[in-house]
Amino acid sequence: MSILKTAGTLVLVGAPSEIKLNPMNLLLGMKTLSGSATGGTKQTQEMLDFCGAHKIYPEVEVIPIQYANEALERLINKDVKYRFVIDIENSLG
């Protein structure tokens, strides 16, 4: 919340397990926190367009398909910082 500009809005899409924030961050600067269980197609496209225009990219860990079992173990052990993306093109050649 502290990095939002004055009157900024933080929108959560999905269901995070926990959110920690200082209520003063909402009050000072007229900031808003809102959310939705899911976003519609139009909103999703708007978000993707915004991210593309502002060079905002996801942080992912690209893995070969051969690493899928180890990736699953890491998920179980909560040893994951970014979303896994399986590189199919370079894994099957």
Side-chain angles (χ1 to χ4, degrees):
M1 294 302 292
S2 63
I3 64 172
L4 284 178
K5 66 182 179 178
T6 300
T9 301
L10 174 63
V11 179
L12 300 174
V13 178
S17 59
E18 183 176 331
I19 300 172
K20 294 182 181 181
L21 63 96
N22 182 340
M24 291 304 293
N25 284 334
L26 291 171
L27 301 173
L28 301 174
M30 303 178 304
K31 297 174 182 174
T32 303
L33 175 64
S34 67
S36 172
T38 62
T41 303
K42 181 181 178 207
Q43 291 85 3
T44 301
Q45 187 62 56
E46 289 173 357
M47 181 268 309
L48 291 172
D49 293 342
F50 177 87
C51 291
H54 293 87
K55 298 186 187 310
I56 300 170
Y57 303 107
E59 295 181 348
V60 299
E61 185 173 340
V62 180
I63 62 168
I65 196 165
Q66 294 83 357
Y67 187 73
N69 289 334
E70 289 86 349
L72 183 56
E73 286 296 321
R74 286 183 53 201
L75 282 169
I76 292 168
N77 294 327
K78 298 181 180 178
D79 179 32
V80 178
K81 188 171 183 180
Y82 305 112
R83 178 178 294 208
F84 287 118
V85 174
I86 298 174
D87 182 0
I88 297 294
E89 182 178 2
N90 292 317
S91 294
L92 300 177

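Source: prediction; values computed, not measured.
Partner of N25 under the side chain to side chain contact (heavy atoms under 4.5 Å, CB included) criterion, chosen from L27, L28, N22, L21: N22.
Cluster annotation: V13 is not connected to L48 through the hydrophobic network of ILVMFWY side chains, with a link wherever side-chain heavy atoms come within less than 4.5 Å. By the criterion of side-chain heavy atoms lying less than 4.5 angstrom apart, applied directly or through intervening Ile, Leu, Val, Met, Phe, Trp or Tyr residues, M24 is not grouped with M1; the two fall into different hydrophobic clusters. If you chain together hydrophobic residues whose side chains sit under 4.5 Å apart, L12 and L4 fall into the same group.
Crowding of I76 atom CD1: a count of heavy atoms from other residues, nucleotides or ligands under 6.0 Å exceeding 12.
Using a distance-only test at 3.5 Å, with no hydrogens or angles considered, a donor-acceptor pair links the side chain of R74 to the main chain of D79.
Between the side chains of D49 and Q45, at least one donor-acceptor pair of N or O atoms lies under 3.5 Å.
Atoms NZ and CD1, on K31 and I3 in that order, are 9.0 Å from each other to the nearest 0.5 Å. Here the straight-line distance linking atom CD1 of I88 with atom CD1 of I65 works out to 4.0 Å at 0.5 Å rounding. Once rounded to the nearest 0.5 Å, the distance linking CG of L26 with OG1 of T32 reads 8.0 Å. Here the straight-line distance linking atom CD of E70 with atom CG of L75 works out to 12.0 Å at 0.5 Å rounding. One finds the CG atom of D87 at 12.5 Å from the CD atom of E61 (value rounded to the nearest 0.5 Å).
Between T9 and S34, the shortest heavy-atom contact is CG2-OG, 3.9 Å. Of all heavy-atom pairs spanning P64 and I86, the tightest one is C-CG2, 4.4 Å.
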